[in-house]
Amino acid sequence: MSERAAPFYCPYCGDEDLRPSEEGHGAWECAACNRAFRLKFLGLLARGLRHDDTGGDEI
Ligand SMILES: [Zn+2]
């Protein structure tokens, strides 16, 4: 699984004018509000990948 994750909107101002930051991997800069932030994949949730038991019959 790739660690790349591109945000569509700035989490602070909601603007779409984002560009990769020179700060490094996963870092982005928002041209609208001049903020820099970093996305980090923390891991899967404890329940793991979604696997419904309530789906009924398999196709
Ligand atoms: Zn912003």
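Counting from 1, the numbers follow the sequence of the chain as shown. Indexing begins at 1, ligand by ligand and atom by atom, following the structure's order.
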Contacts under 3.5 angstrom, residues 29-36 side chains, donor-acceptor by atom type, not counting sequence neighbours:
from: E29; atom 1: OE2; to: S21; atom 2: OG; distance (Å): 3.1

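- In this structure P7 satisfies the side-chain contact (heavy atoms from CB on, under 4.5 Å) test together with L18, W28, F37, L39, sequence neighbours excluded.
- For the residue pair R38 and E23, the shortest heavy atom distance occurs at NH2-O, 4.1 Å.
- Neighbouring protein atoms of the Zn ion (ligand 1) (N, O or S, distance under 2.8 Å, waters ignored): C10 SG, C13 SG, C30 SG, C33 SG.
- Residue Y9 is found in a hydrophobic cluster whose other members, listed by chain and number, are F8; membership requires side-chain heavy atoms under 4.5 Å apart, directly or through intermediates.
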